Each structure stands twice: as structure tokens, then as C-alpha cells.
K.L.:
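What follows is a structure written as C-alpha cells; I'll ask about it next.
Please read these numbers as outputs of a predicted model, since none were measured by experiment.
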Amino acid sequence: MRRPRISLVLPVHNGADYLEEALASIADQTLAGYELICVDDASSDATPEILAKAAKDDDRITILRNAERRGLPASLNIGFARATAPLHSWVSHDNRLLPHMLERLTALLEARPDCAIAYGAYREIDQSGARTGHHGARGSADLLLANTVGAAFLTRAGVWHQLGGYDENLEGVEDYDFWLRARHHFAFCATQEELLEYRLHPASMTSRRSAAIADAHDALLEREIPLEEDAKTRAHAWLALMEQRPDMSRIRYLARAARAHPSTALAHTRKTLRWLRAARRN
């Protein structure tokens, strides 16, 4: 096989319910020059058999198996350590790539040599695959407000190498942490074209660990917001974090926004005071 243009990593633990759909969506890509590195994270269901069958039919597929459960970020690092292509991406076992995803993002990076990370919009689907929502590709300048990169992306290989891979202590927010660290070194570019179907279902990590993921998300921003040089951007980021909290930490974030940029914070003060009075009554 010629050297692939893209190394695509697929980490999976007990993902038999949706794995075949994910693999089929990769096989249907209009850009065929990829390698697929599947990292089986000690699955105990039919995942190994599904992967073995796919690899038998397609020599672009490599299967790695963890002898014991390592977690998502460690599995990603294991996969990318074996990557040979100049471009990288990864996909969850329960999502589906739209047929043109790899082709569109490759073309975007080729057209933008200054850009190291390309990403696009995506749609949400339910357990049955029916469309339930849309996520546009917000600008990377909003990364302190949300994970604007999302699930449909392609990076140059140097991004993973320079950042030292994914933080294996941050399962559930390893991708957001990766982009937050990347913003200090690399340029991002985006397309509003939908490139992926993101499945929401009760067994997904996002659903199962929502509270822990929310706390880890806030901890990431507590680390990153003070590093932002622009005071108004810092204030907006603290206010956005404040809006996501249902507890008294809202007051702390409002105070930080006021210290960063008083006039920006002032507009939110009345709203927060009304919330505080209601919270005390309850």
C-alpha cells in the first residue's frame, strides 16, 4: 500500500451496537487514501469480531488491542503513535462520517498552508440514526466559550507531536483540552458544510458522565482563561462559564469578569442579582 494521506484513529470499547455503521461510513469516503487504525480498548462484546472481519476485507485497516482498559485518551495516543500519514483525524465508534468529510477537509488544508487544523459543521442523530439537530462551525476565536472544533476535523501530524498527544488524565474532555492547548501554537480554519453525524444516545460517554465532564470542562477554562491576553475576551469567557453554572460559583465568575473588563461584566450584573435573590428564596 502506498503511504496514506490521512491516518484515521478509531478507539472503541464495547462498541458493537454502532461500530459497523462507523466502519461503513469510513469505507464510503470519497477520498480513499487513508489508513484506519482501530484501537480496541479491551472490549468484551462482539467488537473484536467486527473489527477482524473489517480488516480481513480492507488492507487499510490495522487493529491494535489493549490487554486491559486504558481509556479514550490513552487509546488515541496509542493509535496516533502508529500513524504514518501527514494528516490526522479520529472518529468515535458511534458516529458516522459523511462521504465527503476527508476530501473536503484535506482540500481545505491544501488551500490554506497557514492552517494546521481544519474542521466543519456536523449534524446530531439519535439512536436510530434520525437527524435531531445541527452544529455550525463557530470560529476558533470562540474556543474559550465552547469546544468550537467539535467532532469533524483534520489536523496536520505536527499538531499531535508538538502537543505531546492527548492528556490521559482528562477522559471526557481530552479533545477540548487538545484544542485549547493547540490555539496557542496553530491556526484553525473551518467550513460550514456538514461533514459528520454525531450520535447522542444513553450509553454514550457524554450521557453517562455528564456531571464529571462538566466539572472537568470548567477546570480547563479556569486554567485557560487567565492565559488570554485580551481583557474583554477574558471577561466574555468568565461570563459564558458563569451562565453554565447552576450554583453559587456564578458569583465568583462574575467577579472575575468584572476584574477583567468592568463594563462588559456590568451588563450581566442585574441578571445575576435576580438569579441570586431567587436562589436565596428557594
Side-chain angles (χ1 to χ4, degrees), residues 1-11 21-38 54 58-62 76 79-125 129 131 133-143 146-163 165-166 175-176 178-199:
M1 176 177 154
R2 296 171 56 186
R3 186 189 183 201
R5 298 174 69 184
I6 297 171
S7 292
L8 186 62
V9 173
L10 191 159
E21 291 184 52
L23 291 168
S25 76
I26 297 168
D28 286 342
Q29 288 298 294
T30 55
L31 188 154
Y34 63 82
E35 65 175 354
L36 175 60
I37 304 168
C38 300
D58 190 339
D59 63 4
R60 294 172 297 183
I61 298 177
T62 297
L76 289 172
F80 284 119
R82 291 283 296 271
T84 65
L87 301 177
H88 286 177
S89 188
W90 67 271
V91 62
S92 296
H93 73 275
D94 46 4
N95 294 341
R96 301 188 303 210
L97 279 61
L98 294 177
H100 50 278
M101 176 178 143
L102 297 182
E103 182 180 6
R104 293 288 196 276
L105 292 178
T106 298
L108 186 53
L109 287 177
E110 288 176 347
R112 290 284 307 275
D114 61 308
C115 175
I117 299 162
Y119 61 101
Y122 60 94
R123 67 185 65 151
E124 291 181 350
I125 59 174
R131 182 185 183 120
H134 168 81
H135 273 265
R138 293 170 58 182
S140 60
D142 289 340
L143 266 171
N147 181 357
T148 59
V149 178
F153 61 86
L154 188 66
T155 77
R156 303 192 192 277
V159 177
W160 184 83
H161 290 289
Q162 183 166 332
L163 296 182
Y166 291 86
D175 55 341
Y176 193 22
F178 192 81
W179 307 130
L180 286 170
R181 288 187 287 130
R183 76 187 185 96
H184 298 290
H185 308 284
F186 302 102
F188 296 69
C189 48
T191 173
Q192 292 302 328
E193 185 175 5
E194 287 186 340
L195 301 175
L196 179 140
E197 293 179 320
Y198 184 88
R199 194 188 304 267

K.L.:
Between atom CG of Leu8 and atom CD1 of Ile61, what is the distance when rounded to the nearest 0.5 Å?
P.N.:
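Going from the CG atom of Leu8 to the CD1 atom of Ile61 covers 10.0 Å.
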K.L.:
Does a donor on one side chain sit under 3.5 Å from an acceptor on the other, for His134 and Glu194?
P.N.:
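A pair is found: one side chain offers a donor N or O, the other an acceptor, under 3.5 Å apart.
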K.L.:
Applying side-chain hydrogen bond (donor to acceptor under 3.5 Å, both in side chains) to Trp179 and Tyr119, what does each step give before you reach the verdict?
P.N.:
CA-CA 11 Å; Trp179 307 130; Tyr119 61 101; over 6 Å; no
K.L.:
Are side-chain N/O atoms of Tyr34 and Arg60 paired as donor and acceptor at under 3.5 Å?
P.N.:
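The criterion, which ignores hydrogens and geometry beyond distance, is satisfied for Arg60 and Tyr34.
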K.L.:
For Arg199 and Glu124, indicate whether the former's side chain and the latter's backbone hold a donor-acceptor pair under 3.5 Å.
P.N.:
no
K.L.:
Does the pair Phe178 and Val159 meet the rule for a side chain to side chain contact (heavy atoms under 4.5 Å, CB included), with working shown?
P.N.:
CA-CA 9 Å; Phe178 192 81; Val159 177; 3.8 Å; yes
K.L.:
Nearest 0.5 Å please: distance from the OG1 atom of Thr148 over to the NE2 atom of His135.
P.N.:
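That separation rounds to 12.0 Å.
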K.L.:
Test Leu195 against every option in Leu102, Leu105, Leu154 by the side-chain contact (heavy atoms from CB on, under 4.5 Å) rule and name the one that passes.
P.N.:
Leu105
K.L.:
Less than 4.5 Å apart, any side-chain heavy atom of Asp94 and any of Tyr198?
P.N.:
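They are not in side-chain contact.
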K.L.:
Which heavy atom in Ala151 sits nearest to a heavy atom in Leu196, and how many Å separate them?
P.N.:
O-CD1, 3.5 Å
K.L.:
Using the side chain to side chain contact (heavy atoms under 4.5 Å, CB included) rule, take His185 and Leu163 through it: C-alpha gap first, then chi angles, then the decisive distance, then the call.
P.N.:
CA-CA 9 Å; His185 308 284; Leu163 296 182; 3.9 Å; yes
K.L.:
Can you tell me how far the CG atom of Leu36 sits from the CD1 atom of Ile26, to the nearest 0.5 Å?
P.N.:
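The distance works out to 4.5 Å.
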K.L.:
For the CG atom of Leu23 and the CZ atom of Arg96, what is their distance to the nearest 0.5 Å?
P.N.:
13.0 Å
K.L.:
Which value, rounded to the nearest 0.5 Å, describes the distance between Phe186 atom CZ and Phe188 atom CZ?
P.N.:
9.0 Å
K.L.:
Can you confirm whether Leu180 sits close enough to Arg183 that some side-chain heavy atom of one is under 4.5 Å from a side-chain heavy atom of the other?
P.N.:
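Yes, side chains in contact.
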K.L.:
Please set out all donor-acceptor pairs under 3.5 angstrom arising from side-chain atoms of residues 79-88, sequence neighbours excluded.
P.N.:
unit_1 : atom_1 : unit_2 : atom_2 : d
Thr84  : OG1    : Glu35  : OE1    : 3.3
Thr84  : OG1    : Glu35  : OE2    : 3.1

K.L.:
Got Leu10 and Ile37 here, is their nearest side-chain heavy-atom distance under 4.5 Å?
P.N.:
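No, their side chains stay 4.5 Å or more apart.
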K.L.:
Do you know which two heavy atoms are closest between His93 and Ala22, and how far apart they sit?
P.N.:
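Shortest heavy-atom contact: O-CB, 3.3 Å.
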K.L.:
Do the side-chain N and O atoms of Glu193 and His100 include a donor-acceptor pair separated by under 3.5 angstrom?
P.N.:
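Looking only at side-chain atoms, His100 and Glu193 do form a donor-acceptor pair, the distance falling under 3.5 Å.
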K.L.:
Which heavy atom in Ala118 sits nearest to a heavy atom in Cys115, and how many Å separate them?
P.N.:
N-SG, 4.4 Å
K.L.:
Is the closest side-chain heavy-atom distance between Thr30 and Arg104 below 4.5 Å?
P.N.:
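No, too far: nothing below the 4.5 Å cut-off.
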K.L.:
Are side-chain heavy atoms of Met101 and Ser89 found at a separation under 4.5 Å?
P.N.:
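A side-chain contact exists here, since the closest heavy-atom pair is under 4.5 Å.
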K.L.:
Side-chain contact test, heavy atoms from C-beta onward, threshold under 4.5 Å: evaluate it for Leu109 versus Thr106 and give yes or no.
P.N.:
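Not in contact.
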K.L.:
Taking all non-hydrogen atoms of both residues, which atom of Ala152 and which atom of Ala121 are closest, and how far apart?
P.N.:
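Where Ala152 meets Ala121 most closely, the heavy atoms are CB-O, 4.2 Å.
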K.L.:
Does a side-chain N-to-carboxylate-O contact under 4.0 Å join Arg131 and Glu197?
P.N.:
no
K.L.:
Is Tyr122 close to Leu98 at the side-chain level, that is, under 4.5 Å between some pair of heavy atoms?
P.N.:
no
K.L.:
Minimum heavy-atom separation for Gly120 and Ala137, please, with both atom names.
P.N.:
C-CB, 3.9 Å
K.L.:
With a 4.5 Å heavy-atom cut-off, do Thr155 and Trp160 have their side chains touching?
P.N.:
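Thr155 does not reach Trp160 side chain to side chain.
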